[in-house]
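Each remark here refers to the structure printed beneath this line.
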Amino acid sequence: MRNNSEGKGHGLLGGVIVTVLVVVAVLLILAALFQAFGPMLPFPGELGAAFGLILLYAVVILAVGIGVVVALIQRWKEIKGGEEDEAKKY
């Protein structure tokens, strides 16, 4: 059996990298959305139902980014609490 008890925290690096990549991707998508519809946003009445869809897309995109950051924070707390290798018991 291998002994993987070199130290704590080595499982967090991947999570941080993925979180940064996802948040950057989410921000780029959101920026592209507002860039595409930016000239029309000062006149939301002219967009009609499309304005609601733009806001819905923006909220969903932000929810994904926030969810990834929350998951990273939860994982950080698990690792600090010593639960890094708990799943290996099963």
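Here the structure is a predicted model, which is why all the values come from computation and not from measurement. Nothing fancy with the numbering, it's 1 onward along the sequence.
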Worksheet item: Is it true that V70 and L12 fall in one hydrophobic cluster, defined by side-chain heavy atoms closer than 4.5 Å?
Response: no
Worksheet item: Is V23 isolated, or which residues cluster with it under the ILVMFWY side-chain rule of less than 4.5 Å, directly or via members?
Response: L27, V69, I73
Discussion item. Under the rule for side-chain contact (heavy atoms from CB on, under 4.5 Å), what residues qualify as partners of I17, not counting sequence neighbours?
Written reply: L13, L21
Discussion item. My understanding is that only residues two or more places apart in sequence, or in another chain, count here; which of them pass side-chain contact (heavy atoms from CB on, under 4.5 Å) with V64?
Written reply: V26
Item to complete: Not counting sequence neighbours, which residues clear side-chain contact (heavy atoms from CB on, under 4.5 Å) with A58? List them please.
Response: L30, L33, F34
Worksheet item: With side chains defined as the heavy atoms from C-beta onward, is the minimum distance between V18 and L72 less than 4.5 Å?
Response: no
